Structure formats: structure tokens, C-alpha cells
Number of protein chains: 2
Amino acid sequence: MSYTREELVELLRKHGIAPTHQRLEIAHVLFSRCEHLAADQILALANERFAETSKATVYNTLNLFRDRGLIREVIVDPKRVFYDPNTEPHHHLYNVDSGELTDIAAEDLQISGMPVLPPGMVTEGVDVIVRIRAL
Amino acid sequence: MSYTREELVELLRKHGIAPTHQRLEIAHVLFSRCEHLAADQILALANERFAETSKATVYNTLNLFRDRGLIREVIVDPKRVFYDPNTEPHHHLYNVDSGELTDIAAEDLQISGMPVLPPGMVTEGVDVIVRIRAL
DNA sequence: CCGGGAATTAGACAAAGTCCAATCTTTACC
DNA sequence: GGTAAAGATTGGACTTTGTCTAATTCCCGG
């Protein structure tokens, strides 16, 4: 799952996002590896080769990508938000000891008995977090 | 679901917690209403009648209660942790617009296909969060 | 009533994230 | 290509949630 510069430009344009240097660098960090990264890690990785991206831009960009549906926030740790380049429905396994976060495919885990919502309300998403730790 | 002072003292003692004024006040706030409250709300409510509980004590006490299994943390909003006086397995409905957090009974929502864990790992808990919003 | 361990406290501190006004890039258009 | 307006980026100040510390206070057993 690796993208060329051109493909990333295309991806951003398709979501109505102007492809600037910084945004491409951040998109590259997110989509080249398929891990769950926190903002501080993304900032560090984006500036690895050549520092040109500020903290403010990383936050602006992550919020923009999230709003435009390019990435998804995963809230498992109150200390930091993780960003997930996979926006397809799926769930998470969180290692409480190590902080490691891995995917559970949506097909593997079935949920039944979803509550009926009050009128005028829609489900935005269902997050399942399986918290594990060493015995 | 209301407790007398005596019952709260008993509850704390049963969990190996010395019943001080402040801890009883915080326990009262948590167990008298059955809502999900954040630390700042608990601080405000504890000091409503007569201010005698500091911010540090609220955090110390919530962490102590959590470690001793009296309450449970609910992580749905990266901005603040909610504390849930109900430690029985159950799930949550989170209104993204209003910040309102309500329970879903464990019986109502079935999950199947839980992943097999690596050896030496145990499941600490499974959190299901249904995020809803106005259409 | 006294001594000591436990609990509480104010306030300094830390980390994640937001905001702002100044500056720099992009883009659309000629 | 050149250019001006719209949009993006920036450092740094700021906010918020939560932690830490060292000093004080409380409370219980003897």
C-alpha cells in the first residue's frame, strides 16, 4: 500500500484539498505505512528528511483530513488521539501496556441489537475497542 | 439508587478505602445521581454545599476508585474522561453534538467473533461506543 | 492525648491541542 | 509568465486536563 506523489496529489484533489508540500508530506506519512499514529509522531516523521512542517500545520491538516473523510480519529487513550488512514468500518485492539493499536476487520466481529435511535438522529459510527494486557 | 452516609462508608471499606470526608463527598456525587461525569463536574458538585475538596484530591480519589474497581473510565472524548459508577459490563451511546453519554445494557447488544489473543494476554474489557448526531 | 502514617492541599508543572496575526504559497486569470 | 486575491503556514502565546511535590493536616491506635 504505497502511493506515488502523483497519486497522493490526486487523492487530496478528489477530496477537495489543495495539495501543498506540507499536506503531501503528512499524507505520505499516513498512507505509506499503515499504522495508527499520534499527532506528535506524525510531526516527527513529516520533518524527518527536511524540516518544513510546523506543529500548527500538522494539527490543521489532520483536522482537515478528518473532516473530509480521508482519515479517522481513534479515541482510546485520553492522552493522545490516534489517526487511522483506514476509514472503512473496522474495529480496534488496544494493548493497554504497550500502547499498541491494531485493527480488527469488520467482518470478523459481528454486533447485533443496535439500539433504535430517537427520531432525527443518525449513527455516525460504532467503535469497538478490545482492551488487552499481559496476564 | 441512593445511598446513606453509612452505606457509602461501608462501600469504601469493602474496597479497602479509608472513608475520609472528601472521599465520601465524591462517592456521594458519583453514586447518588447515575450519570457520567467528568472530573471538573465532580469537583464542582463536591464543593457545592461547602468547599472542602481540592482539584488534586478529586483526581487522586477518582484514580483510586478506578484502581479499586469502584468506578470505570469511559473514553469517548479526547478532551475529558468520563467516570461511570456502573462497573458492570455495558456499552455507551454518545451524542457527539451535545456531549451526552448514555448506557446501553450489555444484554441488548451482542458481540460475536472476538479475536483470539496472543498467549499471555487477557482481555481487560470491551468498549462499544455508538456515536450519534442530529441528522 | 500523643505520635506517626495516611490524606489533603496550593500551586508549579507538563503535554496535547488551539488560536492569532503576520508572512508566504497557490491558483486563476489575463 | 506575471500578478493579485484567496488560501495556507508559522512561531509563539495561550488553554485545558491532569500530574507532581513538599508542606500541612487529619485521624487512629495505644
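From a predicted model like this one, the values you see are computed outputs, not experimental measurements.
Between the CZ atom of A:Phe82 and the P atom of C:dG17 there is a distance of 10 Å, given to the nearest Å. The CG-P distance, from A:Leu37 to C:dA16, rounds to 14 Å in whole Å. Atom pair A:Glu73:CD and C:dA16:P shows a separation of 15 Å (rounding to whole Å applied). We find that CG of B:Leu24 is positioned 13 Å from P of C:dA7, with the value rounded to whole Å. Taking atom CG on A:Asn47 and atom P on D:dT9, their separation rounds to 13 Å, with Å as the unit. Distance CG (B:Leu12) to C1' (C:dA6): 15 Å, rounded to an integer number of Å. The CZ atom of B:Arg13 sits 12 Å away from the P atom of D:dC27 (whole-angstrom rounding). Between the CD1 atom of B:Ile26 and the P atom of C:dA7 there is a distance of 13 Å, rounded to whole Å.
Every residue two or more places apart in sequence or in another chain that forms a side-chain contact (heavy atoms from CB on, under 4.5 Å) with B:Glu100 is listed here: B:Asn95, B:Ser98, B:Thr102. Residues that satisfy the ring pair (Phe, Tyr, Trp, His ring centres under 6.0 Å) test with A:His90, not counting sequence neighbours, are A:His92. For A:Thr4, the side-chain contact (heavy atoms from CB on, under 4.5 Å) partners are A:Glu6, A:Glu7, not counting sequence neighbours. Applying the side-chain contact (heavy atoms from CB on, under 4.5 Å) test to A:Lys79 and every residue at least two apart in sequence or in another chain returns A:Asp77.
Listed by first then second residue, pairs satisfying salt bridge (Lys or Arg N to Asp or Glu O under 4.0 Å) with a partner in residues 60-70 of chain A read A:Arg66-A:Glu73, not counting sequence neighbours.
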List, one per line, each side-chain donor-acceptor pair under 3.5 Å for residues 115-129 of chain A, sequence neighbours excluded.
| unit_1 | atom_1 | unit_2 | atom_2 | d |
| --- | --- | --- | --- | --- |
| A:Glu124 | OE2 | B:Arg133 | NE | 3.0 |
| A:Asp127 | OD1 | A:Arg72 | NH2 | 3.4 |
| A:Asp127 | OD2 | B:Arg131 | NE | 3.0 |
| A:Asp127 | OD2 | B:Arg131 | NH2 | 3.2 |

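Note on the helix from C:dC1-D:dG30 to C:dC30-D:dG1: angle between the axes of the first and last five pairs equals 30°, rounded to 10 degrees.
Hydrophobic cluster membership of B:Ile75, counting Ile, Leu, Val, Met, Phe, Trp and Tyr whose side-chain heavy atoms lie under 4.5 Å apart directly or via other members: A:Ile75.
At a threshold of 4.5 Å between non-hydrogen side-chain atoms, the residues B:Phe82 and B:Val76 count as touching.
For C:dA6, the OP1/OP2 oxygens have no side-chain nitrogen or oxygen of B:Thr20 closer than 4.0 Å. Of the side-chain N and O atoms in A:Arg23, none sit less than 4.0 angstrom from OP1 or OP2 of C:dT25. Put simply, A:His21 has no side-chain N or O that comes within less than 4.0 Å of OP1 or OP2 on D:dA8.
For the side chain to side chain contact (heavy atoms under 4.5 Å, CB included) with A:Leu70, the qualifying choice from A:Leu62, A:Leu30, A:Ile17, A:Thr87 is A:Ile17, the only one to do so.
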With sugar-phosphate taken as primed atoms, P, OP1 and OP2 and all else as base, the protein-contact string of nucleotides 10-22 of chain D at under 4.0 Å (heavy atoms; B, S, -) is BB-B---SBBB--
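Heavy atoms of A:Pro19 sit under 4.0 angstrom from primed sugar atoms or phosphate atoms, though from no base atom.
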